[in-house]
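Contents: one structure, followed by commentary.
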Amino acid sequence: MKKIIRVNLQILCLFISIISFSACVESKSKFIRENIEYATAQTHLMLKNVGEPTGKNYPRSMDDSGKLTTTDMYDWTPGFFPGSLWYLYELTEDSVWLAEAEKWTASLEPLKTFTGNHDLGFMIYCSYGNALRLAPKAGYRDIIIQSAESLSTRFDERTQTIKSWNSFQSWDGETSGQFPVIVDNMMNLEMLFAASRLSGNKKYYNIAVAHANTTIMNHFRDNYSTYHVVDFDSISGKALFRGTAQGYADNSTWARGQAWIIYGFTMMYRETKDPDYLRIAINAANYYLRHLPEDLIPLWDFNVCEVGYTPDKKSYASKYEKRIKDASAACITSSALFELGILAQESKYTDYAVSMLYRLSNMQYKAPIGSNANFLIMHCVGSIPHQSEIDKPLVYADYYFLEALARYKRSK
Ligand code: GLY
């Protein structure tokens, strides 16, 4: 009798597991389906508003009156809108999105010779990198290789880094840097790995590795938080200044900067399999996760208004007292943690990635159709110190939100 009860109980447990597994799969599919429907509807409105690519109308954010703001192709963000169109194509397999993605990507070809700053990875790889991955065409390979060559001209043997901006002025006015390197620069290295594979030229790979190693030595604090900007002496190669341009204070941790670091070092591990990069990515992620509020969307800087952190008077952060969030950092981190979960074989990171994605899809952060200048995600911060794009949508938040959604869809 006991045996029969035990067997029946086991069958019941198995049955319940199957039901809850199917319910889980069903709710994941529903979540993805609803977000795709939402993102395609909102992006159709964006396309209607923005028209055909002119080289001068890449969606970026929204002004105070609710109107779309755009940039020309030489800003750092033109690759994100074409990149989002690629993710919509990947998520829907609908040729309408393929045609739009191809058209907006092709408009960026002149950038392949651009050497004005370090952002070419964002500009070319979010657009042409996805194009090559999803619908390869003759010509994409050469554009990526030539862009890597252009970016490599900014690498310096003495500092062992790619120069981010051409100059830098600290907010207290006391440092005028000539060789600033910002944590964001980690994101431009992925294109160098791709170019190395495509061309067989190890030079790009070596530059990416050298830059990442210099970043480990100079941008990190002992607790794996990071300085946004390090300025180097271009003769001795030594770091002269550590501080911030877009964070709250020189010694604080800017949330989006930490997100770039998590994403960048996860990518470094994927490309090189060097365990040191995985160690850095894990520790940087743990720092980020330890400092999150309950809803998993970070304040724009982890140290806003904390004792021991003081913005300089010339930074608008000294006047801006609200403790607001930056959803763009959450989008980048959600996407990064999907990959970190797989590479580190740690479900904790995948669980966080999913929870962040669900939180961002909540009506608190996802804009009603037709609002938010037709961007998807609300409540982001461009730069409070520069008094720019505060509590606004940002095209890169949408790009990484869609990338996270695509990674979630691909996940088992
Ligand atoms: N790379 C510039 C930013 O994150 O705002």
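In listed order, ligands and their atoms are each counted from 1.
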Neighbour count >12 (heavy atoms, 6.0 Å) for atom CZ, Arg323:
no

Does a donor on one side chain sit under 3.5 Å from an acceptor on the other, for [X] and [Y]?
{"X": "Tyr400", "Y": "Ser328", "answer": "no"}
{"X": "Arg221", "Y": "Thr253", "answer": "yes"}
{"X": "Ser252", "Y": "Asp301", "answer": "yes"}

Distance-only, no hydrogens or angles: does the Ser318 side chain make a donor-acceptor pair with backbone N or O of Lys314 under 3.5 Å?
no

Side-chain donor-acceptor contacts of residues 119-127 below 3.5 Å, not counting sequence neighbours, with atom names and distances?
residue : atom : partner : partner atom : Å
Ser127  : OG   : Met123  : O            : 2.9
Ser127  : OG   : Ile124  : O            : 3.0

Considering only N or O atoms, set out every pair between ligand 1 and the protein closer than 3.5 Å, with distances to one decimal place.
residue  : atom  : partner : partner atom : Å
ligand 1 : 1 (N) : Asp184  : OD2          : 2.7
ligand 1 : 4 (O) : Asp184  : OD2          : 3.3
ligand 1 : 4 (O) : Arg256  : NE           : 2.9
ligand 1 : 4 (O) : Arg256  : NH2          : 3.4
ligand 1 : 4 (O) : Trp260  : NE1          : 3.0
ligand 1 : 5 (O) : Gln246  : NE2          : 2.8
ligand 1 : 5 (O) : Arg256  : NH2          : 2.6

